Amino acid sequence: MNTSDRTLKLYNSLTGKKDVFQPLHEGHAGMYVCGPTVYYDVHLGNCRTFVSFDIIYRYLNALGYQVRYVRNITDVGHLTDDGEDRMAKGARVAQLEPMEVAQKYTVGFHDMMRIFNTLPPSIEPRATGHIPEQIEMVQDILSRGYGYERNGSVYFNVRKFDRENPGIYGQLSGRVLDELMAESRDNLKSQDEKNDPADFAIWMKARPGDIMVWKSPWSVGFPGWHLECSAMSTKYLGQTFDIHGGGNDLKFPHHENEIAQNQGACGCAPARYWLHTNMLLLNGKKMSKSDGNTITPVELFTGDSPFVSKGYSPMVVKFFMLMAHYRSTLDITDEALAAAEKGYRKLMETNRILQSLRPADQPYDGSESAADRAILDGIDTAFSGMDDDFNTAIALASLSELGSFVHKIANKQLDAGEVSPWVLERLKTVFNAFIVDILALQDELDAAGDTGTVEGLMQLILDIRANARTQKDWGTSDKIRDGLAAVGISVKDGKEGTSWTKG
RNA sequence: GGUAUCGUGGCCGAGUGGUUAGGCACAGGUCUGCAAAACCUGCUACAGCGGUUCGAAUCCGCUCGAUACCUCCA
């Protein structure tokens, strides 16, 4: 597809409305997404965010953009409430080297992303691998007068930045600096070093016992949490780039501070479009480890949790996520997942049937039937949905409507001649493109492995049953069907022979 | 307390000034040796109260409720 064929609109948190996407460089798109902090197993909410951005990445690709997708790994600089580095804390608890902790959970994170069938980003930079770049950015900020040093730590001067660049700080999160100050908590250790409570650290001097430390012109220490994204997005995407994404909860302070840092360092705005995904809820509440209202991806897959009656496969969970728009909160409930499971399986089966359909032999007379038009409309709706801020719910709804045509053709309820061969071909192509390339829903029946053997066995069994049926030997026929049902395979007798599905 | 977002039918969840979202569930029907699936039909809503408008679920105000953020967060 050519990038100019369609108008893509995306909801920009910066402007608070849907903006038409106009890339900085024709045909190219640069996207930075805040990645995980690798101090613990990936959280389900992370999965939703990264699945959402994977769809965005894939759709930009499908539209013909050459996309550079950068998603970082945060392996330093994240302070916990008591001021200790998250990585170091994880290491102390597990008696591991910090980098061992980072490696372990990075691998776990990658495995989970693969399970959800997401594409790896183009570049996946680590914070610890970009200490010089971060130090350089601190220097840039200092030289432009927006930072100050206190006892070896360097702070960003929010008040001064706001005074000299009015309207920037707070624009993304809709905050007013004065109110922030009034409400600001005072529980950070370094608070007394700051000129102003709204200021934040861009370089922290190490305290005794800190193990993840580097030399800098100011002290032996470590970079502030917000700094890595500013430094790495600049390095790989340039000072100004197209899209910046992340979870809604990063809007403030992280993204707000990130913008301030970039502006402070180069005097220019970083991303032009800011995209934020919404939270995943469990039974109406935000997931939280402390009050027990949480479920891990693995628990969800295995069903080993009081919140679900059974396990739901990764693709069912992904389908469930895609049924909602990425900017809406999504509530995980057992009933909703069960509904998603049925919907997912039906969609997969529909695609299998569709791909095996052969166009009618009749010559095309050039006319466009009502069915042709309806199918073409449905295809257009699916794309329009994606063009409208990546509305996967609309895309899935269109696929569902298109699916009924597939079954009608397969069941001969719609005369094959009613659908022009080229329309059927287009439907096959688009349907598959949506499922495989854009929404990236794997057919778990295919992915189960060893399908060759199973196919062969099923072929044989169904042949025997077909013979029994032609002889009206219903006893044998039903015995086979019931036996297969007992191992989870359902047999369906159609006009064109018998098909089967698992599960 | 401040800020933001949201409140849609039995459930989930799109839409956002005038026309069917979709899925799941449910009820009838068609097809079928029976069944399942599929297809058809039905059920059918926009928290409450005011206002703007020829017309509002959609815009505005208030009330109630929910969720999130307010320097740990995807």
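Numbers restart at 1 for each chain; the letters A, B, ... are given by sequence-line order, proteins then strands. These figures come from a predicted structure and were not determined experimentally. Note that these values count all heavy atoms, side chains included, but never hydrogens, waters or copies made by symmetry.
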What one-letter contact string describes nucleotides 26-38 of chain B from 5' to 3', where B marks a base within less than 4.0 Å of any protein heavy atom, S marks contact via sugar-phosphate atoms alone, and - marks no contact? -----S-BBBBSS

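- Annotation: ring-ring contact (aromatic ring centres under 6.0 Å, His included) contacts of A/Y344 (sequence neighbours excluded): none.
- On the P atoms, B/C64 is 45 Å away from B/G28, given to the nearest whole Å.
- Scanning both residues, A/P314 and A/F116, for their nearest heavy atoms gives O-CE2, 3.7 Å.
- Scored by the ring-ring contact (aromatic ring centres under 6.0 Å, His included) test, A/F156 finds A/F161, A/F200 as partners (sequence neighbours excluded).
- For A/T277, no side-chain nitrogen or oxygen approaches OP1 or OP2 of B/A74 to under 4.0 Å.
- Side-chain contact check for A/E349 and A/T501: no donor-acceptor pair (N or O, by modelled atom type) lies under 3.5 Å.
- Among residue pairs with one or both ends in residues 319-340 of chain A, those qualifying as salt bridge (charged side-chain N to carboxylate O under 4.0 Å, His left out) are A/R327-A/D389; sequence neighbours excluded.
- When heavy atoms are screened at a 4.0 angstrom cut-off, A/E401 is found touching the sugar-phosphate backbone but no base atom.
- At least one side-chain nitrogen or oxygen of A/K342 sits closer than 4.0 Å to the OP1 or OP2 atom of B/A25.
- A/A397 comes within 4.0 angstrom of a nucleotide base, judged by non-hydrogen atoms across all strands.
- Remark: the separation of the P atoms in B/U63 and B/G1 is 12 Å, to the nearest Å.
- Taken residue by residue, residues 46-58 of chain A places heavy atoms nearer than 4.0 Å to RNA chain B at A/N46, A/T49.
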Output side-chain donor-acceptor pairs under 3.5 Å for residues 377-386 of chain A, partner residues at least two apart or in another chain, one line each.
| residue | atom | partner | partner atom | Å |
| --- | --- | --- | --- | --- |
| A/T381 | OG1 | A/D377 | O | 2.9 |
| A/S384 | OG | A/D380 | O | 2.7 |

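- Remark: A/Y273 pairs with A/F21 by the ring-ring contact (aromatic ring centres under 6.0 Å, His included) rule, at least two apart or across chains.
- By the ring-ring contact (aromatic ring centres under 6.0 Å, His included) test, A/F307 is found to be paired with no residue, residues two or more places apart in sequence or in another chain being considered.
- Sorted pairs that involve residues 395-416 of chain A and meet ring pair (Phe, Tyr, Trp, His ring centres under 6.0 Å), not counting sequence neighbours, are lacking altogether.
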Between the protein and nucleotides 13-15 of chain B, list the N/O to N/O atom pairs that are separated by less than 3.5 angstrom.
| residue | atom | partner | partner atom | Å |
| --- | --- | --- | --- | --- |
| B/G13 | OP1 | A/D331 | N | 3.3 |
| B/G13 | O2' | A/M323 | O | 3.3 |
| B/A14 | OP1 | A/H325 | N | 2.8 |
| B/A14 | OP1 | A/S328 | OG | 2.8 |
| B/A14 | O3' | A/N391 | ND2 | 3.0 |
| B/G15 | OP1 | A/N391 | ND2 | 2.9 |

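- By the 30° and 60° cut-offs, the orientation of the rings of A/Y326 relative to A/F53 is tilted.
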side-chain hydrogen bond (donor to acceptor under 3.5 Å, both in side chains) assessment of A/E341 paired with A/Y312: CA-CA 7 Å; A/E341 180 170 63; A/Y312 295 98; 5.6 Å; no

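- Spacing between B/G9 and B/U44 at atom C1', rounded to whole Å, works out to 5 Å.
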Read 5' to 3' with Watson-Crick or G-U pairs under 3.5 Å, [ ] for crossing pairs and | for partners on another strand, RNA chain B gives (((((((..(((.....[...))).(((((.......)))))....(((((..]....))))))))))))....

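- Among residues two or more places apart in sequence or in another chain, the salt bridge (charged side-chain N to carboxylate O under 4.0 Å, His left out) test is passed with A/D478 by A/R481.
- Inspection of the A/S230 and A/N262 side chains reveals an N or O donor paired with an N or O acceptor under 3.5 Å.
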